[in-house]
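Since we're looking at a predicted model, the values are computed, not measured. The figures that follow rest on heavy atoms only: side chains count, while hydrogens, waters and symmetry mates do not.
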Amino acid sequence: LSRYRTDFHEIEQIGWGNFSRVFKVLKRIDGCMYAVKHSIRQLHLDTERTHALMEVQALAALGYHQNTVGYYNSWFENAQLYIQMELCDRSLSITRSSQLLSEEEILKAMHQVAKALQFIHERGIAHLDVKPDNIYVKNGVYKLGDFGCATLIDGSLPIEEGDARYMPLEILNDNYDHLDKVDIFSLGAAIYELIKRSPLPKSGPQLLNLREGKISLLPGHSIQFQNLLKVMVDPNPVKRPSAKELLEHSIFDRFDRP
Ligand code: ATP
Ligand code: MG
Ligand code: MG
C-alpha cells in the first residue's frame, strides 16, 4: 500500500533535481495543495539514507520561518525518501525563465533570504546551496528552499557542498571553518547573477574574479549596493558580514517600516 497514493492525489510534476522529482499534489484529507519531493534512486545503503535524511532533519529541527520553504512531513516508501513541503509559485532560477527583476525587487529578495539565513545560522545550520534556483517565491514572499546540502556550522557532520558556481574559494580548498559565511558568499553571488541577468559561468575569468571578490561595475546601481555585494563575496570569510550584520545595513531600512 502506497502512503503517497493513499494520502495524496498527484496533480503534475513541477520540478526535476539531479536526484529528485517534485510534484504538485492535493492532500485528500485536508483538501490543500502541497509539493512532494522524492528521491529518484532507491536508497538501500545506510550511508545513502543517512545522507538523504540530513535534509529533513535540518528542516524539522529548524521549525517554521516565513522565509524558508515550510516542511510538513517525510517518510520512506519503496526505499525512496518522500518530503511533503509548502507549495511555492516558482523559483528565481534565471536559466529557466528570463526574469526581469528591478533592483528594488532583488533587494527585497536579498533582505528576505538574509532573514532566512539569520534564522538558520542562529540555530547552528548552514545551507551550503544558496542560489537563485533555490530561492522560491510564494504570494510575493521569498523563501529559501532545498536543504539537501544543509549541515551543522560547527563542522561535526559530513559536508557536501552545493553548486560550485556559488562556492567561495575556501570551500574549493577544503577549508570549512566559517560555514555561515559560505552562505553569505553564495547569496552575494546569487544576487550578482540576478542583477547581471545572465547565468554565472561554470568556469572562466568571471567566476575566478568573483571568488577574488572582484565584481564588474554595475551601471545604474547605487555605489552603496555595489559595495555591499563586494564585501559579501570577499575572499576572506571573516571580512564578510554575518546575516545579522547584513540585515543591519541601511540599504534594507525601507523594508522594515510598517
Ligand atoms: P538540485 O539538483 O538543485 O539539488 P534537488 O534534487 O535538491 O535539486 P530541489 O531543488 O529541491 O531538488 O527541487 C527541484 C525543483 O523542483 C526546483 O528547482 C523547483 O523547480 C521545484 N520545487 C522544489 N520544491 C518546490 C516547492 N516547495 N514548491 C514549488 N516547486 C518546488
Ligand atoms: Mg535545488
Ligand atoms: Mg538540492
Side-chain angles (χ1 to χ4, degrees), residues 1-8 13-23 25 27 34-65 67-88 91 116-117 119-131 133-136 143-168 170-186 237 243:
L1 199 69
S2 162
R3 178 162 170 188
Y4 179 58
R5 300 282 162 202
T6 304
D7 288 356
F8 301 94
Q13 185 164 354
I14 52 174
W16 293 260
N18 291 323
F19 308 100
S20 60
R21 286 184 199 149
V22 182
F23 292 87
V25 299
K27 189 167 190 190
Y34 297 91
V36 168
K37 167 167 161 173
H38 69 81
S39 50
I40 297 169
R41 284 191 326 116
Q42 295 200 324
L43 311 171
H44 289 298
L45 299 173
D46 269 354
T47 49
E48 293 175 318
R49 284 180 178 240
T50 307
H51 188 262
L53 284 175
M54 280 166 65
E55 177 169 359
V56 291
Q57 286 168 356
L59 287 168
L62 283 168
Y64 178 81
H65 188 275
N67 301 115
T68 59
V69 173
Y71 163 77
Y72 293 97
N73 207 347
S74 55
W75 66 96
F76 272 111
E77 184 173 322
N78 299 324
Q80 287 160 303
L81 179 63
Y82 284 72
I83 308 175
Q84 181 196 347
M85 298 174 287
E86 174 181 15
L87 177 67
C88 297
S91 85
L117 289 180
F119 173 77
I120 74 170
H121 292 168
E122 271 175 355
R123 284 156 182 79
I125 290 174
H127 184 278
L128 300 192
D129 201 15
V130 176
K131 55 176 175 175
D133 206 43
N134 290 335
I135 299 171
Y136 293 88
K143 293 169 186 268
L144 181 61
D146 189 358
F147 281 71
C149 296
T151 192
L152 292 177
I153 292 175
D154 68 14
S156 60
L157 283 177
I159 286 156
E160 205 205 294
E161 65 259 22
D163 196 323
R165 287 175 297 166
Y166 306 86
M167 288 298 131
E170 76 263 16
I171 286 293
L172 307 172
N173 295 332
D174 296 330
N175 174 352
Y176 304 123
D177 288 343
H178 302 279
L179 292 177
D180 53 337
K181 300 297 183 74
V182 174
D183 287 340
I184 299 297
F185 179 95
S186 304

Starting from the C-alpha separation in whole Å, work towards a yes-or-no answer on side chain to side chain contact (heavy atoms under 4.5 Å, CB included) for V69 and L59. CA-CA 9 Å; V69 173; L59 287 168; over 6 Å; no
Can you classify the ring geometry of Y4 versus Y82 as parallel (below 30°), tilted (30 to 60°) or perpendicular (above 60°)? tilted
Less than 4.5 Å apart, any side-chain heavy atom of M167 and any of F185? no
Closest non-hydrogen atoms of F23 and H38, given as atom of the first, atom of the second and distance, are CE1-NE2, 3.5 Å
Check whether F19 forms a cation-pi arrangement with R41 (NZ or CZ under 6.0 Å from the six-membered ring centre, at most 45° off the ring normal). no
I'd like to check V130 versus V182 (side-chain heavy atoms, cut-off strictly below 4.5 Å). Are they in contact? no
For the backbone of F119 and the side chain of E122, can you confirm whether one donor and one acceptor N or O come within less than 3.5 Å of each other? no
Starting at CG of D129, measure out to CD of E55 and round the result to the nearest 0.5 Å. 10.0 Å
State, yes or no, whether a side-chain contact exists between E77 and S2 at a heavy-atom distance under 4.5 Å. yes
Under 4.5 Å between any side-chain heavy atoms of L43 and L81, yes or no? yes
Run the numbers on L128 and Y176 for side chain to side chain contact (heavy atoms under 4.5 Å, CB included), then give the verdict. CA-CA 11 Å; L128 300 192; Y176 304 123; over 6 Å; no
Has the side chain of T151 got a donor or acceptor atom that lies under 3.5 Å from a matching backbone atom of I159? no
Between Y34 and Y72, is the ring centroid distance below 6.0 Å? yes
For the atom pair CZ (R165) and OG (S186), what is the distance rounded to the nearest 0.5 Å? 11.5 Å
Taking atom CG of N173 as the centre, report whether more than 12 heavy atoms of other residues, nucleotides or ligands fall under 6.0 Å from it. yes
Would F147 and L62 count as a side chain to side chain contact (heavy atoms under 4.5 Å, CB included) here? Give the steps. CA-CA 11 Å; F147 281 71; L62 283 168; 3.5 Å; yes
Look at the side chain of Q13 and the backbone N and O of G15, then say whether any donor-acceptor pair between them is shorter than 3.5 Å. yes
Measuring from L179:CG to H121:NE2, what's the distance to the nearest 0.5 Å? 8.5 Å
Donor-acceptor contact below 3.5 Å, side chain Q80 vs main chain S39: yes
For a side chain to side chain contact (heavy atoms under 4.5 Å, CB included) check, start with the C-alpha distance between K143 and I135, then their side-chain angles and the critical distance, and finish with the verdict. CA-CA 6 Å; K143 293 169 186 268; I135 299 171; over 6 Å; no
Heavy-atom donor-acceptor pair, N175 side chain to D177 backbone, under 3.5 Å: yes
Taking the side chain from D180 and the backbone from A126, do they hold a donor-acceptor pair closer than 3.5 Å? no
Between the OG1 atom in T50 and the CG atom in D46, the distance rounded to the nearest 0.5 Å is 5.5 Å
Flag the pair I125 / I153 as yes when at least one side-chain heavy-atom distance between them is below 4.5 Å, and no otherwise. no
Would the distance check show the side chain of S74 and the main-chain N or O of I83 forming a donor-acceptor pair, the cut-off being under 3.5 Å? no
Less than 4.0 angstrom from a charged side-chain N to a carboxylate O is my criterion; do K37 and D146 meet it? yes
Check whether any side-chain heavy atom of Y71 lies under 4.5 Å from a side-chain heavy atom of V56, and answer yes or no. yes
N134 side chain to L144 main-chain N or O, any donor-acceptor pair under 3.5 Å? no
Euclidean distance, N67 CG relative to H65 NE2, rounded to 0.5 Å: 5.0 Å
Is the backbone of G70 close enough, under 3.5 Å, to the side chain of E86 for a donor and an acceptor to pair up by distance? yes
Close side-chain approach of I14 to L87, heavy-atom, < 4.5 Å: yes
If we ignore angles and hydrogens, is there a donor and acceptor under 3.5 Å between the side chains of H178 and E170? no
Does the side chain of F76 come within less than 4.5 Å of R49's, by heavy atoms? yes
For the side chain of H127 and the backbone of G145, is there at least one donor-acceptor N/O pair under 3.5 Å apart? yes
Reported CG-to-CD distance for the pair L53 and Q57, which is rounded to 0.5 angstrom: 5.0 Å
